[in-house]
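The next block holds one structure in the form of structure tokens; read it before the comments.
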Amino acid sequence: MAIYEKFTGRSRESFTSLEDCRQNYKLTWNDDFNFAYDVIDELGRTKPDKNALLYISADNEEKMFTFRDMMLLSNKAANYLKSLGIKKGDRVLLVLRRSYLFWVVLLGLHKIGAVVVQANDMLKTGEYIYRCNVGRIDAILLTGHGKCTEIYDEGEGQYETVRLKMVTEHKDAGEGWIDFEMGLEKASDKWTRPTGRAATKATDPMMMCFSSGTTGYPKMIVHDFSYPLGHIMTGLFWHRVVDGGMHFTISDTGWMKSVWGKLYGQWFGETAIMVYDFERFNALDILQKLEKYKVTTFCVPPTMYRFLLQEDVKSFDLSSIQHCCTAGEALPADVFEKWKELTGLEIHEGFGQSETPICVGTLYPWSKPVPGSMGRPVPGYDIKLLDADGEECRQGITGEICIKAPTLATRPRGLLCNYNWSKEDTKEKWYGGYYHTGDVAYMDEDGLFHYVGRNDDVIKSSGYRIGPFEVESVLLEHPAVLEAAVTAYPHETRGQIVKANLVLREGYTPSDELTQELKEYVKKNTAPYKYPRMIEYFDSLPKTFSGKIRRVEIRAKDMEKYRAEKLAAEKASNNN
């Protein structure tokens, strides 16, 4: 029996339809559920030689770890961290890029009952200070790669709660840094699951991350030990991982996408996860890795599929891949069609957040991907599209994606516990019996959800509500356009106008003629009121480390530009 069946009661293949799965998919777990013990250690004992993680360094050095390896290494991590004074409830910040040590340490912290806090290696000193102080961080473990320790140490004396700082690749670290790898190597691999007050409960806090909000400082998202159970649906039913196969999701461990795509759901499915610690994304390199390591299931953001399609995909043997997924942004139809043409594989879209596991998606084999749609609510999640008055929207009407969650105890597994450890902050997004995602979509006559954007991404122009994805999809069908981000630009009379921020394909250059051609192209292929009245060309668009386009950064720069233009106009008017 597969390990996940202990919590679902039946196998994935036993469900005959999406409706069967929706009605009969039930999760059960003990009050003391802990993924490290009840999944990884169980697999380490019962299936010790099964591959769990393939690590590939930037220099293409390989390390394969079995489930027994992960059990013993996480025991060593737990023993060493405990010897340093880390205990249940302590908050430990991890900045480990794509090192295999992230998985080892995370499991070790789960065994202790400490709270894992993720962060990326691009943080600046002020960001470290904010996260450590607001998050009440007790200890940090940073990569020795680059200048992370140097940047952190610039804030020395301003960290209010950090009492322990550890580093990997210790050789270049400054004063006061503990060599984590040396301590790990010397630690015992024998560990006994704690009992009594030191034992963990499924309701104890397990993980915390800082949201990448569009306004204000990042919020702390808190998940408890039941959170991994929500990712059975992510890994088994959406990613459709293969027992004994190889899954590859491209994500840095500083983001929740890494535990979405290369940890809980995949190990519930007993597939190996591929971890490639590259320095920079290179599409040709990724295609080579897919071919060489016989990846069976694959997930990257739409932007990365687009870059992969710039290479000669047909020249690679990708026959090992059985299933492809995408999330993070809406998937343009042209990317879906081209990938299918070149590989024979359909891309299954999904929607979720750092606050959730997969909650809307196309679940194979019951749902066929439809370009432009992210699918239907997945089993276990009751989702409505609500308007500003809390009323359910009719078909075709845009509304906020809201997850039914009457209470903390009855919420679907995988949904966050709270924001900022604060009832008040949590109530801003969780009220009226629903968790409000802040994302908007509409539902078509077939019950499929179509993503429109974030609440603050939606453009309100002359009374029209325009979703950026609608315009981006049309622009990306034009042969000149490689990347597109559509944003709102302030306007005196219309409130906002549609602005297209574009990267052109090789062989095309910006010109007034091309700008007019693109405007007419959008008018011809979608409702004319959606066309971009402003177009700006870029060599590259700002992105998060996980590949999402940062519209918020574009909007901020445009707002500065607009204010400067307005101020200059006022000065000119006064002078006249």
Side-chain angles (χ1 to χ4, degrees), residues 1-8 11-13 29-30 32-57 61-82 96 98-113 116 181 183-195 199-200 206 225 228-229 231-232 235-236 239-249 253 258-259 261-277 293-297 320:
M1 182 172 74
I3 190 78
Y4 75 91
E5 292 179 57
K6 293 184 177 183
F7 308 97
T8 60
S11 71
R12 175 179 62 187
E13 286 69 27
W29 63 94
N30 292 332
D32 64 347
F33 173 77
N34 183 313
F35 182 84
Y37 296 118
D38 299 317
V39 177
I40 298 304
D41 283 6
E42 182 66 16
L43 289 172
R45 288 188 293 268
T46 60
K47 302 175 182 180
D49 298 326
K50 200 167 197 175
N51 290 335
L53 186 150
L54 170 65
Y55 172 77
I56 306 161
S57 74
E61 295 180 4
E62 301 171 13
K63 295 185 182 205
M64 179 66 83
F65 300 90
T66 64
F67 282 110
R68 184 173 187 274
D69 292 331
M70 297 310 298
M71 175 181 70
L72 296 179
L73 283 168
S74 60
N75 284 349
K76 290 168 75 71
N79 275 312
Y80 182 51
L81 291 166
K82 183 181 177 182
L96 292 172
R98 293 180 177 87
S99 169
Y100 66 89
L101 288 171
F102 172 79
W103 285 261
V104 171
V105 175
L106 176 141
L107 293 173
L109 291 170
H110 285 357
K111 289 181 174 181
I112 292 173
V116 174
E181 288 173 279
L184 179 70
E185 184 178 352
K186 294 178 179 178
S188 169
D189 62 10
K190 303 293 189 295
W191 174 268
T192 302
R193 185 172 186 168
T195 58
T200 59
M206 179 195 78
F225 275 91
L229 292 161
H231 282 301
I232 293 177
L236 271 296
H239 279 159
R240 204 76 185 178
V241 296
V242 177
D243 187 342
M246 180 71 70
H247 178 79
F248 186 28
T249 285
T253 63
S258 62
V259 301
K262 48 210 299 185
L263 206 164
Y264 298 122
Q266 296 67 40
W267 277 346
F268 268 119
E270 300 179 34
T271 196
I273 56 175
M274 189 171 102
V275 177
Y276 178 28
D277 195 15
Y293 295 105
K294 307 295 183 188
V295 169
T296 52
T297 48
S320 63

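On a predicted model such as this, the values are computed, not experimentally measured, just so you know.
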Lys294: salt bridge (Lys or Arg N to Asp or Glu O under 4.0 Å) partners, not counting sequence neighbours:
none
Between atom CG of Asn51 and atom CD of Glu270, what is the distance when rounded to the nearest 0.5 Å?
12.5 Å
Which residues pass the side chain to side chain donor-acceptor pair (under 3.5 Å) test with His247, not counting sequence neighbours?
Thr249, Thr297
Among all residues two or more places apart in sequence or in another chain, which pass the salt bridge (Lys or Arg N to Asp or Glu O under 4.0 Å) test with Glu181?
none
Residues Asn75 and Lys111: side-chain donor-acceptor under 3.5 angstrom:
yes
Residues at least two apart in sequence or cross-chain that pass salt bridge (Lys or Arg N to Asp or Glu O under 4.0 Å) with Glu62, listed by chain then number, are Lys292
Closest heavy-atom contact between Thr66 and Ala52?
C-CB, 3.8 Å
Are the side chain of Asn79 and the backbone N or O of Lys190 linked by a donor-acceptor pair below 3.5 Å?
yes
Does a sphere of radius 6.0 Å around NZ in Lys50 hold more than 12 heavy atoms from other residues, nucleotides or ligands, not counting ones at 6.0 Å or beyond?
yes
Please list, chain by chain and in numerical order, all residues satisfying side chain to side chain contact (heavy atoms under 4.5 Å, CB included) with Ser11, sequence neighbours excluded.
Tyr4, Glu5, Glu13, Ser14
Partner set under side chain to side chain donor-acceptor pair (under 3.5 Å) for Asp38, not counting sequence neighbours
Arg193
Can you tell me how far CG of Leu263 sits from CZ of Phe268, rounded to the nearest 0.5 angstrom?
10.5 Å
